[in-house]
Amino acid sequence: MAEQLRPPPEQSPEVLAEQQLGRARLAASIALFVLAAGVVTALLRQPGDGLVLVQVVALAAFAAALGVQVIIGRRLARRRDAREQGFTRMLQGLSRSLSAEAIVQAIVDELRRAADADHVIVARVRPAERVVETTLVSSSAQVPTSRTILPLSVLDPAAASSGRRSGSARGRSPEQMVADELAARLRRAYGLPRTLASPLVADERIVGALMLSRRQERPWTAADRRLLSWSAHELSAALARAYAFEEAESRANIDALTGLPNRRYLEELIAVVEPRRRAGDSVGALMIDIDHFKRLNDRYGHATGDQVLRAVGEQIQAAVRTEDTPARYGGEEFAVVLRRANAEQALEVAERVRQAIAGIPPRELGTRDPISVSVGVAVSGAQDGDVGALLQSADAALYRAKRYGRNRVVLA
């Protein structure tokens, strides 16, 4: 479970410094009062004395300097209050959301207000796509956000340690070395002059980096580094929670044996696709069943049966079109939703699936019997009912294929 979010410590160095400044201002105010009383007394006694006039001028200068300090102190206090309010908003955004995209947006929005930087850059893993997405956001709201996709290998600590900067690796953790290498890559890609990077670590593995960039030629301060480190820590914890949620959602929608979407996913897809169908769109459906699967299971055992299910799932995945959605419907039964397919196209896909499965060498699966499937096909136009009814029609066609002798395709 991700570590609980916590606000920045109240007694930060900035707060302590401001407290010391406040005490110094109080002492200066008391000294100013004492000096003013002495000067006024001397002025009343000797109004034309030149030394007294010098004292008056010095007192006025001292008062002006103290006034400037008070104004600067108030500005610093307002800036600190704005930063703390930003942290509060950031924490609220991070704690409410289980979406990685929303989490990144929340921390970027507040960090670009609080940080003295021209850009905020987040590089983070997208687990489903197995890539690293970088998001560069300017401190100016008028500059559009820029996104870049990088290979997952950029987060490999071994690659970072063997890079050109390996000579300066002393004292840096592997995670920090990865963050620095990412920053160097993005400096070249975006033309950034100066960057400051901190790694994002979730469940003891690096999942990206949080970076600041500025154009001005001045060093990053200790306050800049503390702000970035704290923000990276909180973003890491929030991303760990989001990744765990996404993984649980994925497991709920993916069949563990074949890696295909499961029936729950297919039903959710149908609920989304059905209302969005445009006039004139046609949708196809295939219902696929492995012939004599129970007999195969009884003869060769469940381990072999699982191998057959995996092999059939792989062949179905390879045979359908990229816009089609295959799923394991249950047991030895599979389904495919075909988008924008007429009867001829649906029959072509179904026959391609049947032939691909018939071509699996039985010896590779540990059986002597060839593997075959029966396929039912149904196609619907815009006015012919919903996708759920279409799957039922394909299922009825499948049973006719079984009655006609199996290892064949039948159109509803």
Side-chain angles (χ1 to χ4, degrees), residues 253-255 257-296 305 308-360 370-412:
N253 286 315
I254 299 297
D255 175 58
L257 180 63
T258 64
L260 293 176
N262 58 21
R263 183 169 181 170
R264 171 186 167 180
Y265 176 89
L266 194 66
E267 291 171 347
E268 291 176 353
L269 175 69
I270 292 170
V272 172
V273 169
E274 187 62 41
R276 296 183 180 179
R277 290 177 62 194
R278 296 174 299 179
D281 278 354
S282 59
V283 178
L286 310 182
M287 293 298 291
I288 306 162
D289 188 85
I290 302 176
D291 296 329
H292 302 298
F293 184 74
K294 184 178 184 304
R295 186 174 67 188
L296 183 147
V308 170
L309 287 169
R310 278 192 291 268
V312 168
E314 290 172 0
Q315 294 301 323
I316 293 173
Q317 177 78 59
V320 300
R321 305 169 306 175
T322 55
E323 64 265 33
D324 300 332
T325 304
R328 185 181 178 191
Y329 205 65
E332 67 270 24
E333 197 168 27
F334 297 80
V336 182
V337 173
L338 308 169
R339 297 190 181 184
R340 292 181 291 276
N342 56 32
E344 182 180 356
Q345 292 167 328
L347 286 170
E348 180 184 346
V349 173
E351 184 60 27
R352 193 161 61 238
V353 167
R354 188 196 66 79
Q355 291 181 8
I357 294 169
I360 301 174
I371 308 301
S372 68
V373 293
S374 300
V375 186
V377 182
V379 178
S380 172
Q383 290 82 28
D384 294 337
D386 59 26
V387 181
L390 186 66
L391 284 169
Q392 293 178 2
S393 298
D395 198 46
L398 166 65
Y399 279 97
R400 290 205 301 275
K402 293 284 188 183
R403 287 198 303 271
Y404 295 161
R406 295 183 171 84
N407 191 20
R408 65 189 64 229
V409 174
V410 171
L411 178 65

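Residues: numbered from 1 along the sequence shown.
The main-chain N or O of A327 is never found under 3.5 Å from a side-chain atom of R263 such that the two would form a donor-acceptor pair. In terms of modelled atom types and a separation under 3.5 Å, the side chain of S372 and the main chain of A358 share no donor-acceptor contact. Judged purely by atom type and a 3.5 angstrom limit, R408 uses its side chain to pair as donor or acceptor with the backbone of R406.
The CD1 atom of I288 sits 12.0 Å away from atom CG of D395, with the distance rounded to the nearest 0.5 Å. Atom NE2 of H292 is separated from atom CG of N407 by 9.5 Å, given to the nearest 0.5 angstrom. Interatomic distance, D255 CG to R264 CZ, rounded to the nearest 0.5 Å: 13.5 Å. For the atom pair CG (L260) and CG (N253), the distance works out to 13.0 Å, reported to the nearest 0.5 Å. Within the model, atoms CG of L398 and CG of L391 stand 11.5 Å from one another, a figure rounded to the nearest 0.5 Å.
Annotation for E323: atom CD counts as buried by contact number, over 12 foreign heavy atoms lying within 6.0 Å.
Side-chain atoms of N262 and R328, non-hydrogen and from C-beta on, never get closer than 4.5 Å to each other. Side-chain contact between I316 and I357 is present, with heavy atoms from C-beta onward closer than 4.5 Å. Residues I360 and V308 are not in side-chain contact: their nearest non-hydrogen atoms beyond the backbone lie 4.5 Å or more apart. Here the side chains of Q315 and V353 are not in contact, with every heavy-atom distance at 4.5 Å or above. In this structure, the side chains of V379 and Q345 stay at 4.5 Å or more apart for every pair of heavy atoms.
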Q) Stepwise, does the salt bridge (charged side-chain N to carboxylate O under 4.0 Å, His left out) test hold for R310 with E314? A) CA-CA 6 Å; R310 278 192 291 268; E314 290 172 0; over 6 Å; no
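Residues satisfying the side chain to side chain contact (heavy atoms under 4.5 Å, CB included) criterion with E332, sequence neighbours excluded, are D289, I290, F293, L309. Judged as a side chain to side chain contact (heavy atoms under 4.5 Å, CB included), and not counting sequence neighbours, the contacts of I254 are S250. By the side-chain hydrogen bond (donor to acceptor under 3.5 Å, both in side chains) test, R321 is found to be paired with D324, residues two or more places apart in sequence or in another chain being considered. Every side chain to side chain contact (heavy atoms under 4.5 Å, CB included) that A394 has, sequence neighbours left out, goes to A285, M287, A378. Shown here are the side chain to side chain contact (heavy atoms under 4.5 Å, CB included) partners of Q355, two or more places apart in sequence or in another chain: E351. Judged as a salt bridge (Lys or Arg N to Asp or Glu O under 4.0 Å), and not counting sequence neighbours, the contacts of E348 are R352.
Contact between A412 and S393 at its shortest, heavy atoms only, is CB-O, 3.8 Å.
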